[in-house]
Amino acid sequence: MSTSQRFDRGHTDDLMSFLAASPSPYHAVANAAERLEKAGFRQVAETDAWDGTTGGKYVLRGGAIVAWYVPEGAAPHTPFRIVGAHTDSPNLRVKPLPDTGAHGWRQVAVEIYGGPLLNSWLDRDLGLAGRLTLRDGSARLVDVDRPLLRVPQLAIHLDRAVSTDGLKLDKQRHLQPVWGLGDDVRDGDLIAFLEQEADLPAGEVAGWDLMTHSVEPPAYLGRDRELMAGPRMDNLLSVHAGTAALAAVAGADGAAGLPYIPVLAAFDHEENGSQSDTGADGPLLGGVLERSVFARGGSYEDRARAFAGTVCVSSDTGHAVHPNYAERHDPTHHPRAGGGPILKVNVNNRYATDGSGRAVWAAACEKAGVPFQSFVSNNSMPCGTTIGPITAARHGIRTVDIGVAILSMHSARELCAADDPFLLANALVAFLQG
């Protein structure tokens, strides 16, 4: 993509397809890898020796992907430009002993992952997806993308106080979905069912990482279709934009002369602290960047020089001002849906943005012709956080926190302006190009 070309509403159409096809982090990175493969990127194994050849490469590990493009003439000390994001979303995840039930209902035992808006999972048709690990250690993705599970809400006739006191949910007792009738609950039923769905022999599955998802597809809303609703925008919207931007930069005229090595780093487990081998607080990103330097004949000195000149934008969804709860937002900072990406600032380092990072992001948006907005939390409200501060602290990399403003964050179905995803992608292209 040249600097005169731009993503448009077709990017949002593709985002909706990406969301629907990515019900788990494992599916998300597989779909990102497929898009990068079409752009000429090739997978490299962490267990192999790496070479310093030019071109696009990527590493997959579980629900994480790190991809990078080495332009012709890149020196060992060439800095990186990184788009950071995360692949996981709050949801209900299957327990090690999933088969349960009571009073004639067959149920699936689930655990709460991250901080979902629990009420958004009630009375919603749910599918089941994730990763099956086989006896030989290989993995198989599975996606039952049809109504399979449901968490039924208690009828108001049995809880009259809900209208006055509000809905109160016990995470252990009230969130277990039903998936059938009968008292004959047998251990192994769910996994046996999934083996059939994945066309696997009986008894082949030795482990699983499974989660629920809403089967309602993403959709445009509004009189003029200016809104988009869908699942897992936090944060697959950024994963999709980063993937599209990296592929565009690698395929653009002048890619050979890029002053930076553009990188996409999409991590798992952000919603529960990022502390895993596939999380931002793990060694994955640093290991990939270092190996890239060393594969091009670099020394530790080259590594230090490259990291010192590197900038990362941590792209994660943020909060648009809510029309029904405007008092929850800072009175002088009201990011609007449709107003372009937001720059997130918090002086207590819940976000990594500082003045120098703001200048980098402002320059990228100006180059792309994209407006941006500023976000800070209301002083009386706790501020969320992202992979930004983790990335900055762990790797000593200057980091800027940005994202698209949405409503209903952590709901099973979130809402954004339909034009904001491609505005973000355009700004990311300009950032990666330097």
Nearest 0.5 Å please: distance from the [atom1] atom of [X] over to the [atom2] atom of [Y].
X: Arg305; Y: His77; atom1: CZ; atom2: NE2; value: 4.0 Å
X: Asp88; Y: Thr278; atom1: CG; atom2: OG1; value: 8.5 Å
X: Trp121; Y: Ile112; atom1: CH2; atom2: CD1; value: 9.5 Å

Going by the side-chain contact (heavy atoms from CB on, under 4.5 Å) test, name the single residue among Val400, Asn426, Val313 that passes it with Phe431.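 With Phe431 as partner, side-chain contact (heavy atoms from CB on, under 4.5 Å) holds for just one option, Val313.
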Only one of Leu428, Val66, Thr243 passes side-chain contact (heavy atoms from CB on, under 4.5 Å) with Leu264; say which it is.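 Checked Leu428, Val66, Thr243 against Leu264; only one passes side-chain contact (heavy atoms from CB on, under 4.5 Å): Thr243.
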Evaluate the side-chain contact (heavy atoms from CB on, under 4.5 Å) criterion for residues Trp50 and Lys57: first the C-alpha distance (whole Å), next the side-chain angles of each, then the deciding distance (0.1 Å), finally the verdict. CA-CA 10 Å; Trp50 292 5; Lys57 305 171 185 179; over 6 Å; no
Is the number of heavy atoms from other residues, nucleotides or ligands within 6.0 Å of NZ (Lys171) greater than 12?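 No.
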Please check if the number of heavy atoms outside Glu72 that lie under 6.0 Å from its CD is greater than 12.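 Counting neighbours around CD of Glu72, 12 or fewer heavy atoms of other residues, nucleotides or ligands fall under 6.0 Å, so no.
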Is the closest side-chain heavy-atom distance between [X] and [Y] below 4.5 Å?
X: Val151; Y: Asp123; result: no
X: Tyr351; Y: Asp316; result: no
X: His329; Y: Met381; result: no
X: Phe193; Y: Val144; result: yes
X: Thr353; Y: Ile402; result: no
X: Leu258; Y: Tyr69; result: yes
X: Asn235; Y: Ser238; result: yes
X: Leu15; Y: Met228; result: yes

I would like to know whether Ser292 and Arg296 meet side chain to side chain donor-acceptor pair (under 3.5 Å); could you show each step before the answer? CA-CA 6 Å; Ser292 175; Arg296 284 177 280 119; 3.1 Å; yes
Heavy-atom donor-acceptor pair, [X] side chain to [Y] backbone, under 3.5 Å:
X: Gln176; Y: Gln107; answer: no
X: Arg413; Y: Pro217; answer: yes
X: Ser299; Y: Asp302; answer: yes
X: Arg398; Y: Thr310; answer: no
X: Arg81; Y: Pro262; answer: no
X: Gln373; Y: Gly340; answer: yes

Give me the ring orientation class for [X] and [Y]: parallel if the planes are under 30° apart, tilted from 30 to 60°, perpendicular past 60°.
X: Phe7; Y: His11; answer: tilted
X: His319; Y: Phe375; answer: tilted
X: Phe307; Y: Phe80; answer: perpendicular

Take Tyr58 and Glu37 through the side chain to side chain donor-acceptor pair (under 3.5 Å) test and state the conclusion after the steps. CA-CA 9 Å; Tyr58 68 90; Glu37 289 270 354; 2.6 Å; yes
Run the salt-bridge test on [X] and [Y] with the 4.0 Å N-O cut-off and return the result as yes or no.
X: Arg93; Y: Glu111; result: no
X: Arg146; Y: Asp125; result: no
X: Glu204; Y: Arg135; result: no

Where do Arg350 and Asp401 land on the salt bridge (charged side-chain N to carboxylate O under 4.0 Å, His left out) test, with the steps shown first? CA-CA 10 Å; Arg350 300 293 286 173; Asp401 272 295; over 6 Å; no
Would you say the side-chain atoms of His410 and Glu271 include a donor-acceptor pair closer than 3.5 Å?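 A donor-acceptor contact under 3.5 Å links the two side chains.
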